[in-house]
Amino acid sequence: MRLSRYFLPVLKEDPKEAQIVSHRLMLRAGMIKQQAAGIYSWLPLGFKVLKRIEQIVHEEQQRAGHIPLLMPTLQPADLWRESGRYDDYGEEMLRIKDRHKRDLLYGPTNEEMITDIFRSHVNSYKDLPLTLYHVQWKFRDEIRPRFGVMRGREFLMKDGYNFDLTKDAALHAYNRHLVSYLRTYERMGLQAIPMRADGGPIGGDYTHEFLVLAETGESEVFYDSEITDLTFGDRQIDYDSVEQCQAVLEEFTSRYARTDETHDEAIFAQVPEERRRTARGIEVGQIFYFGTKYSEAMGATVVGPDGNRVPVEMGSHGIGVSRLLGAIIEANHDDKGIIWPEGVTPFHVGIVNLKQGDNSTDSACDAIYAELQARGLDPLYDDRDDRAGAKFATMDLIGLPWRITVGPRGLAANKVELTNRRTGATEEMSPKEAIARLEQVYAPVLGLKVQDK
RNA sequence: CGGAGCGUAGCGCAGCCUGGUAGCGCACCUGCUUCGGGAGCAGGGGGUCGGAGGUUCGAAUCCUCUCGCUCCGACCA
């Protein structure tokens, strides 16, 4: 993309309403615009990152064998009357009447609807296991939205639902989700720690939340420092293997890690003192096993091998997709702006032309731009007729991980600069070498894409 | 929902107390100069002060109501 043709309304000054860094930077970088309390338009740059994150979620879900579909944002109230949650959910549920005075609601989650879909079409245990998911906008009428997209009323969430014949099979689905979530967050450059959680209105005995450590997190967290040494890495996991998934779950959940909701001082005290940590965290996902809570209430049953009809075992699993933008920025920024991890960056590299209108720099930039695109990379070329300082400031603010700087002086010796946004390290090299370097840097990121199974 | 506060140009703000018909910085437009870390000078365009009502000769300023937003708290992917 050429910046002169893009729509990137960056702000020089801090918007007064933004109190936390991710909100401020998203507004300043022209990623979002607030339309009402907790409701945002996603401007091109923000939309691009949102889509990248959503894409990673899709890829990792499908890698784990989960099936995408799409349910509507508006749901009929009757489904929720069946489960009993129409009355239980309270004012957080946005209720709407259509022209025929029928009760509708803007879905805050989809257990009821997915259970309805399941019961309409599945009758035999032979169709299990099955995990369906979607990425769709949700609405929860928070009393007090804040922190930008971290705590919006409208938010994009991936929610998935597993259907299994037995509790053991459902717990494997639980473990499988935990594994796939670890992998998902790591691809986004985040360390998200699974922590024992509370069931909340979804219900369920087995549940973990995934927390990203950040000073601005809304939850206080307590953990054994050993847990932050764990990384998923590039290990290959067979998602159908009960043993392998179980082993990962044990590895990542055996050490003490809890939020203030479930914190137990007595158990925490057993962790060696030098490893006890207290911090703050942002919740970016949660997984639940809740058994037959919804299947019994809504008659979602299958005929088992013995000919008897039994309610299916279920769980649900969510990733706050739009919230993740905030969480990633909270964990990756400096005083100049955002620092995107390579896995989610809106553009792979920024090209800064120091002397727009100069034949040598213009043609060098054009060539670099075209070559990067030809190699499957997505560059942002700042071709505005602006001063160098302004271009650098914009690039730093929007946080592209790499920058190629092209000026007449270096170009005379066939050199450009390649700068790393995070470290600030700059190297001089030929345009050809810079392109090759970037191709190498992004090979793992681009190579991770998977096709539908 | 309880408490606090704010709505004046696209953004950030001053003016309001002590009513006299709107100002600053950034951004934007034009010109000249500048050109490796958000340039300088000169000129220019843009707002009727969230909305409604009231007081007054006169309201951004005072009063009433109302809408929206933000912050703290209880609640939450």
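Treat the numbers as computed from the prediction; the structure is a model and nothing was measured. Convention: sequence-line order gives letters A, B, ...; per-chain numbering from 1.
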Looking at OG1 of A:Thr115 and CG of A:Leu79, how far apart are the two atoms once the value is rounded to the nearest 0.5 Å? 9.0 Å

Closest to the A:Gln19 side chain: B:rG38, B:rG37, B:rC71? B:rC71

Is the terminal nitrogen or CZ of A:Arg2 (NZ for Lys, CZ for Arg) located under 6.0 angstrom from the six-membered ring centre of A:Tyr381 and within 45° of that ring's axis? no

Any side-chain N or O of A:Arg146 less than 4.0 Å from the OP1 or OP2 oxygen of B:rC72? yes

Please list, pair by pair, any protein nitrogen or oxygen found under 3.5 Å from a nitrogen or oxygen in nucleotides 10-16 of chain B.
| from | atom 1 | to | atom 2 | distance (Å) |
| --- | --- | --- | --- | --- |
| B:rC11 | O2 | A:Glu13 | OE1 | 3.4 |

Provide the distance between the two C1' atoms, one in B:rC28 and one in B:rG10, to the nearest whole Å. 9 Å

Quick one: label A:Thr394 by what it contacts on the DNA or RNA (base, sugar-phosphate, nothing), any heavy atom closer than 4.0 Å. base

Within the structure, does a side-chain N or O atom of A:Gln34 lie under 4.0 Å from either OP1 or OP2 of B:rU70? yes

Check every strand shown and say whether A:Gln356 touches a base, only sugar-phosphate, or nothing at a heavy-atom separation below 4.0 Å. nothing

Distance check needed: B:rC76 C1' versus A:Lys138 NZ, whole Å only. 16 Å

With 3.5 Å as the limit, what N/O pairs link the protein to nucleotides 39-42 of chain B?
| from | atom 1 | to | atom 2 | distance (Å) |
| --- | --- | --- | --- | --- |
| B:rA39 | OP2 | A:Arg387 | NE | 3.2 |
| B:rA39 | N9 | A:Arg387 | NH1 | 3.4 |

B:rC24 versus B:rC49 - spacing of their C1' atoms, nearest Å: 15 Å

Partner set under side-chain hydrogen bond (donor to acceptor under 3.5 Å, both in side chains) for A:Arg28, not counting sequence neighbours: none

Can you see which heavy atom on A:Ala364 is nearest to which on A:Leu411, and at what distance? CB-CD2, 3.5 Å

Whole-Å C1' distance, B:rU8 and B:rC69: 15 Å

Please list, chain by chain and in numerical order, all residues satisfying side-chain contact (heavy atoms from CB on, under 4.5 Å) with A:Glu186, sequence neighbours excluded. A:Thr231, A:Phe232

Please measure how far the C1' atom in B:rC76 lies from the corresponding atom in B:rA4, and state the result in whole Å. 23 Å

Under the criterion side-chain contact (heavy atoms from CB on, under 4.5 Å), I'd like the reasoning laid out for A:Ile404 against A:Val352: C-alpha separation, chi angles, the key distance, then a yes or no. CA-CA 6 Å; A:Ile404 295 178; A:Val352 169; over 6 Å; no

B:rG19 and B:rC62, which share atom name C1', separated by this distance in whole Å: 8 Å

Just list the side-chain donor-acceptor pairs under 3.5 Å for residues 41-50 of chain A, sequence neighbours left out, or say none.
| from | atom 1 | to | atom 2 | distance (Å) |
| --- | --- | --- | --- | --- |
| A:Ser41 | OG | A:Gln35 | OE1 | 2.6 |
| A:Lys48 | NZ | A:Pro346 | O | 2.7 |
| A:Lys48 | NZ | A:Asp378 | OD2 | 2.3 |

Given the P atoms of B:rC17 and B:rU64, what is the spacing between them in whole Å? 15 Å

Which residue lies toward the 5' end of RNA chain B, A:Glu261 or A:Asp396, if each is placed at its nearest nucleotide? A:Asp396

Can you check the distance between B:rU21 and B:rG58, where both ends of the measurement are the C1' atom (answer in whole Å)? 8 Å

Result for 5'-nearest mapping on RNA chain B, choosing between A:Glu142 and A:Phe392, is A:Phe392

Sugar-phosphate only, base, or nothing, as touched by A:Ala393 at under 4.0 Å among non-hydrogen atoms: base

Would you verify whether the NZ or CZ of A:Arg277 falls within 45 degrees of the ring axis of A:Tyr256 while also being under 6.0 Å from that six-membered ring's centre? no

May I have the distance from A:Arg151 (atom CZ) to B:rC76 (atom P), rounded to whole angstrom? 9 Å

Please list, chain by chain and in numerical order, all residues satisfying side-chain hydrogen bond (donor to acceptor under 3.5 Å, both in side chains) with A:Glu82, sequence neighbours excluded. A:Arg119

Under 4.0 angstrom, heavy atoms only, what part of the nucleic acid is A:Arg28 near: base, sugar-phosphate, or nothing? base

Can you say whether the rings of A:Phe222 and A:His263 are parallel (under 30°), tilted (30 to 60°) or perpendicular (over 60°)? parallel

Looking only at the side chain of A:Arg144 (C-beta and beyond, no hydrogens), which of the listed nucleotides B:rG37, B:rU70, B:rA74 gets closest? B:rA74

